[in-house]
Amino acid sequence: MRVSNLFGLTLRELPADVDIASHQLLLRAGYVRQLAAGIFSLLPLAQRSMRKIEHILRQEIDAIGGQEVSMPVVHPAEIWQKSGRWDDIDDTMARFVDRRGRDMLLAMTHEEVVGELCVSEINSYRQMPALVYQLQTKFRDEPRARGGLIRVREFVMKDSYSLDTDNAGLHEQYKAHYTAYFRIGARVSLPLLAVRSDTGMMGGKVAHEFMYEAPIGEDNLAICDSCGYSANREVAEFVKPEAPGAEAAELSKVETPDAKTIEDLCTLLKIGPEGIAKTVFLAAEGGDGPATLVLAVVRGDMDVNIVAVRNHLKAADVRAAHEEEIVACGAVPGYGSPIGIDRSKAVVLVDELVASSSNLVLGANDFGFHYLNGNHGRDFEGDQVLALAGAFEGAGCVNCGNPLRMTRGVEVGNIFKLGTRYSESMGARFTDEAGQEQPIVMGSYGIGVGRLLACVAEEHHDERGLVLPMSIAPFQVCLVSLARKEPAKEVAAEIYQELQAAGVEVLFDDRDVSAGIKMTEADLRGIPLRLVVSERSIKNGGAELKARTAADGEIIPRDEVVGTIQRRIAEELDALRQAADQSPLWTEGDDG
RNA sequence: CGGGGCGUAGCUCAGCCUGGUAGAGCGCACGGUUCGGGUCCGUGAGGCCGGAGGUUCGAAUCCUCUCGCCCCGACCA
């Protein structure tokens, strides 16, 4: 490809409202353009990179037995009604009515279609294990898209679906994906971390997310650097500190004007946040009825883990309660607690540490007042005592007791053991060896292709632009001609022909613009190798080859140019493959 | 969905408070200049000031509504 023909411009200046490095660079370098919130066009550079990523994904999933299929983006509502998700999922699902009045939707994921295919294609245990996958568009109308390609509404996902006769078979495919995902990360030079995760709306029991650790990440992760325990904060376990034992003192009500926050209370009462029981008002939704008010009580120095609440209550959704909902049970916002509220109108969940602590400060449900010396079991009682608090920096690792580190990550991929969640609802059954009908045991495994590219851009860039790995760069080498006249111009054109003939993916900057522009743009685009041909380079003996990551280039003799470049490309690709071969194997318990 | 911000030329922005003939830089076209890190000079094209309504002799500017985009939070199969 000649730069003079390349569709898509580089930008000198950025749209003002872009603040993530990967997004800035992908825009500036002419990879992507935004059409609407969370909806992007891929220009040729990005499309070429995406094709390469997709190729790697195909190779790795094929290697664990995958067969590629392609399932529709538009689904009839019926199959989602069958699985139950038509009603469970909120406006994140884009729905429409076709001309015949039939309810339709845009696919968010494809478990339902796989289920339908199983009904029609799988009859016998002899047909399993099986693994199908696709690279297909998903649409999720997120309430808020952000971060450029990191969180979008329309995106291509590699999604695979394993089909097995039993849990042991599922576990084998789960393990295979676990390693394949690390291999994929290695091949695109993106460090990944597998963390235990919530199963959320996907259902099922066991799940891991593959995270790229980065400050721009939207997920909070708890990592133990000592033993390797890692989990999404939503499901992270940790060892609670011991509650200081103390004789229960008498409950007393004190005036605490303008002390609506934990911080205010600490200052006013001269205590630490660990002496306070914090009550968080939540609303659990699910089904058609009104939301259930939930009082979640944790110690003042900790946060409520919303996912723990959702999972405990089996609610479809848990959100912060509105003021009217709080007042309805007799509680006073800012001075709230379970003491004295109408218990018939609320569910009270208490963290186990609060339950074992004594003499805590709680809201008095009276404007401007708190109680001192509140004790669980005497002054208030939860409908349920459970692990409600989310992990925090320095909390004890549940495995080894060492302090956990909290960090942020971008979820690049995930793997779920679905079990029979979909096969049962969709009626996807097979006949086993004993002639009995059984539900198929499923797993589902996703990787966001565009998000992967964005993460690689985030990981690999410098002040001059992108620095893409050889495996997914849109071109392997950028041939920059700084030749002003013949014969140097002809030499550049010849080298371009030779590289192309040798199968090298080369971007030829043949434009009649200043050297500075060509160099700056070559750096910005992040192409791994740069070959400069000019009067000067020819006088010096050939062409100058420089890696994007190197400070200086070297002169390559004219007749060794193609061979040298081919060798460099092969070396870099080999290094990435070798890194992939070092990928971790599953080490956790056999049942996950 | 709650809070905040922004919509003016292809891009980045000024002008708005205090209403009176729509601006700059970059990019683009043309001419010259320069030639190994976004050269320099000149000429030119390019805008229904997001949309609708209102106030006014007169609206980019003031008011109302609306649409879009961004950020924080909530949410996220």
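Below, read A as the first sequence line, B as the second, and so on, with proteins coming before strands; counting in each chain starts at 1. Predicted model, so just to flag it, every value in this text is computed and none were measured.
With a cut-off of 3.5 Å on both pairing distances, B:rA22 has no Watson-Crick or G-U wobble partner at all. If you check B:rG73 for Watson-Crick or wobble pairing at under 3.5 angstrom, you find it paired to B:rC1.
Going from the C1' atom of B:rG50 to that of B:rG7 covers 6 Å, rounded to whole Å. For the C1' atoms, the distance linking B:rG68 with B:rG19 amounts to 27 Å, nearest Å.
Under the 3.5 Å distance criterion, with hydrogens and angles disregarded, a donor-acceptor pair is assigned to the side chains of A:D164 and A:Q173. For A:D198 and A:N232, the side-chain atoms include no donor-acceptor pair closer than 3.5 Å.
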Report, one pair per line, the protein and nucleotides 23-29 of chain B atoms (nitrogen or oxygen only) whose separation is under 3.5 Å.
| unit_1 | atom_1 | unit_2 | atom_2 | d |
| --- | --- | --- | --- | --- |
| B:rG25 | N2 | A:E13 | OE1 | 2.9 |
| B:rG27 | OP1 | A:R12 | NH2 | 3.3 |

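The aromatic ring centroids of A:Y445 and A:Y133 lie 6.0 Å or more from each other.
For A:F139, there are no ring-ring contact (aromatic ring centres under 6.0 Å, His included) partners, not counting sequence neighbours.
Contact annotation: A:S534 does not reach the phosphate of B:rG36 (side-chain N/O to OP1 or OP2, under 4.0 Å).
A perpendicular orientation is assigned to the rings of A:Y181 and A:H177, their planes being inclined by more than 60° (bins at 30° and 60°).
Interface remark: the A:R28 side chain does form a donor-acceptor pair with the B:rG38 base, using a distance-only criterion of under 3.5 Å.
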